[in-house]
Amino acid sequence: MTEVVEQRPVRAEDRASSLVRGAALGLSWVTRHLDAFIPWEDDQVSLASLKRLGDLSFPCAYLHAWQTSAFCARLPLAQHLPRWEALLLRCCEDRRFLDAALADPEEGLYRMQLYGWLRVMGYRSARCEDVLRQLWKRGCTPRSVGALHCLWKAGYVRKEPDWAALCREHVLSREVVVDSLDVRTTYRVTHALFYATDFGNQALPLPRAEADRVAGVVERLLHRYHQRGKWDVVGELLINLVCLGRHGSALYDRALRAFTGARLPGGAIPMNRDFEQEFHAAEGRMPDSEVFRWCHHPTLVDVVHCAAALRPR
């Protein structure tokens, strides 16, 4: 007969210390790999390479805003964010970045999100503003909720988007099929909640009954992807529970232990259990480029989770 070991609740101070330690490891890993985020490939700027830069600029903007808050006082943000921001500025001011946005009006606003997040951090560029004006004159509109969210945060969209409608469309409408959602659709759920809560800066704009149902969707997804070892998705769902104020459960603690337990030597979090096992089987012979490919996004997710979870409940 298998003995069931009951996990003790995590003490608040122990959890805070673990979050600070995890954030420090993740911040250091990202800083050591900053050059890998640079999007120039044979003098071309592909959408895939710009996505890497977006993966960095989006969390950088929130960490920049939080760094003066008391709950982030223990994090070494001042050691790392200036270097992140310097790289983002260098890329944003490169003519190849602006030429790529103008050459592809259909995706122009998506490509300009890097500047949008820098604008959130207080940066202004006459050249970038001119490129955006040209794109708008050509009739460009945001093609994704993420681009709309960025434009709103940057001050280009004056009326706050209808986040309640977004939650109903991307989260509550999938409640009855939540146990069969694929990874791609699950990311739509997690991102909708990032935007609707502004990463925990505002309450979910739904009545309590609907907010409870949203939390139920997130918890069911977390239970499923925790078991499957999909660490990147698990990290985003953990952030969702923090932003919803629902991170005091045993499920959250179990998933967080598994998520942080997957951390690789050096501080990175792997995308999933498969890559985690591959990395350990390689015994240190895994190329850095491959480690970056499979670890940069979940490691950034880990840093954001650590910072957000330190906010007082």
Side-chain angles (χ1 to χ4, degrees), residues 34 36-64 84-85 87-121 123-163 165-166 169-170 183-196 198-199 232-233 236 239 292-293 296-298 300-301 304:
L34 278 178
F37 287 95
I38 296 173
W40 323 129
E41 296 174 357
D42 300 325
D43 224 31
Q44 300 298 312
V45 189
S46 68
L47 278 177
S49 65
L50 272 182
K51 184 183 182 305
R52 292 197 301 269
L53 212 54
D55 290 343
L56 180 66
S57 60
F58 185 13
C60 186
Y62 278 91
L63 294 169
H64 177 93
W84 296 18
E85 291 166 24
L87 176 130
L88 294 172
L89 282 170
R90 192 166 84 242
C91 291
C92 187
E93 292 169 348
D94 193 295
R95 63 167 182 79
R96 290 169 289 186
F97 169 72
L98 298 176
D99 290 347
L102 288 172
D104 184 12
E106 192 169 309
E107 297 288 353
L109 291 179
Y110 177 88
R111 290 176 179 269
M112 288 298 291
Q113 283 184 87
L114 165 59
Y115 174 63
W117 289 116
L118 284 168
R119 200 175 195 273
V120 172
M121 290 183 267
Y123 173 71
R124 297 291 185 276
S125 163
R127 292 170 61 201
C128 291
E129 296 288 340
D130 182 61
V131 167
L132 283 167
R133 277 192 293 271
Q134 291 185 57
L135 290 171
W136 284 320
K137 284 179 181 177
R138 296 181 191 181
C140 295
T141 57
R143 290 163 52 87
S144 69
V145 181
L148 176 63
H149 174 251
C150 177
L151 292 171
W152 171 64
K153 290 289 291 183
Y156 294 118
V157 175
R158 295 185 180 179
K159 182 180 179 183
E160 185 171 357
D162 188 347
W163 302 128
L166 177 74
E169 177 186 352
H170 288 281
V183 170
R184 185 185 183 90
T185 307
T186 299
Y187 279 125
R188 291 197 182 102
V189 170
T190 59
H191 288 207
L193 295 175
F194 292 161
Y195 310 144
D198 194 26
F199 272 99
D232 190 58
V233 184
E236 293 204 359
I239 294 174
F292 178 82
R293 178 188 170 201
H296 79 273
H297 189 269
L300 285 164
V301 167
V304 172

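Quick caveat, the model's predicted, so the values are computed rather than measured.
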If you measure from [atom1] on [X] to [atom2] on [Y], what distance do you get to the nearest 0.5 Å?
{"X": "R52", "Y": "I38", "atom1": "CZ", "atom2": "CD1", "value": "10.0 Å"}
{"X": "H296", "Y": "D55", "atom1": "NE2", "atom2": "CG", "value": "4.0 Å"}
{"X": "S57", "Y": "H64", "atom1": "OG", "atom2": "NE2", "value": "13.5 Å"}
{"X": "D198", "Y": "Y62", "atom1": "CG", "atom2": "OH", "value": "3.5 Å"}
{"X": "F58", "Y": "L53", "atom1": "CZ", "atom2": "CG", "value": "14.0 Å"}
{"X": "T141", "Y": "L135", "atom1": "OG1", "atom2": "CG", "value": "11.0 Å"}

- Hey, is CZ on R124 packed in by over 12 heavy atoms from elsewhere, all under 6.0 Å?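 Enclosed.
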
- Message: Would you call the rings of H149 and W152 parallel, tilted or perpendicular, taking 30° and 60° as the class edges?
- Response: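 Because their plane-to-plane angle lies in the 30° to 60° range, the rings of H149 and W152 count as tilted.
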
- Of the non-hydrogen atoms in P39 and S49, which two are nearest, and what is the gap between them?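 That closest heavy-atom pairing would be O-OG, 3.0 Å.
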
- Task: Check P59 against V304 and note the closest heavy-atom contact, atom names and distance.
- Result: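 It is CB-CG2, 3.4 Å.
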
Do [X] and [Y] make a side-chain contact, defined as non-hydrogen atoms from C-beta onward lying under 4.5 Å apart?
{"X": "L34", "Y": "L56", "value": "yes"}
{"X": "E85", "Y": "L63", "value": "no"}
{"X": "H170", "Y": "H191", "value": "no"}
{"X": "L132", "Y": "L109", "value": "yes"}

In a table with atom names and distances, give each donor-acceptor pair under 3.5 Å that connects a side chain of residues 113-121 to protein atoms at least two apart or in another chain.
| residue | atom | partner | partner atom | Å |
| --- | --- | --- | --- | --- |
| Q113 | NE2 | Y110 | O | 3.4 |
| Y115 | OH | S125 | N | 3.1 |
| Y115 | OH | E129 | OE2 | 2.5 |
| R119 | NE | E129 | OE2 | 2.8 |
| R119 | NE | Y156 | OH | 2.9 |
| R119 | NH1 | A154 | O | 2.6 |

- Residues in side-chain hydrogen bond (donor to acceptor under 3.5 Å, both in side chains) with W84, at least two apart?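 W84 satisfies side-chain hydrogen bond (donor to acceptor under 3.5 Å, both in side chains) with T31 only.
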
- Item | Cationic N near anionic O, under 4.0 Å, D94 to R90 |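 No salt bridge links D94 with R90.
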
- Message: Let's go through L50 and F97 carefully: what are the C-alpha distance in whole Å and the side-chain angles of both, what is the deciding distance for side-chain contact (heavy atoms from CB on, under 4.5 Å) to 0.1 Å, and is it a yes or a no?
- Response: CA-CA 9 Å; L50 272 182; F97 169 72; 4.0 Å; yes

- Start with the C-alpha gap between H297 and E236, add the side-chain angles, then the distance that decides, and say whether side-chain contact (heavy atoms from CB on, under 4.5 Å) holds. CA-CA 10 Å; H297 189 269; E236 293 204 359; 3.1 Å; yes

- From CA spacing to verdict: side-chain contact (heavy atoms from CB on, under 4.5 Å), L102, R138: CA-CA 10 Å; L102 288 172; R138 296 181 191 181; 4.0 Å; yes

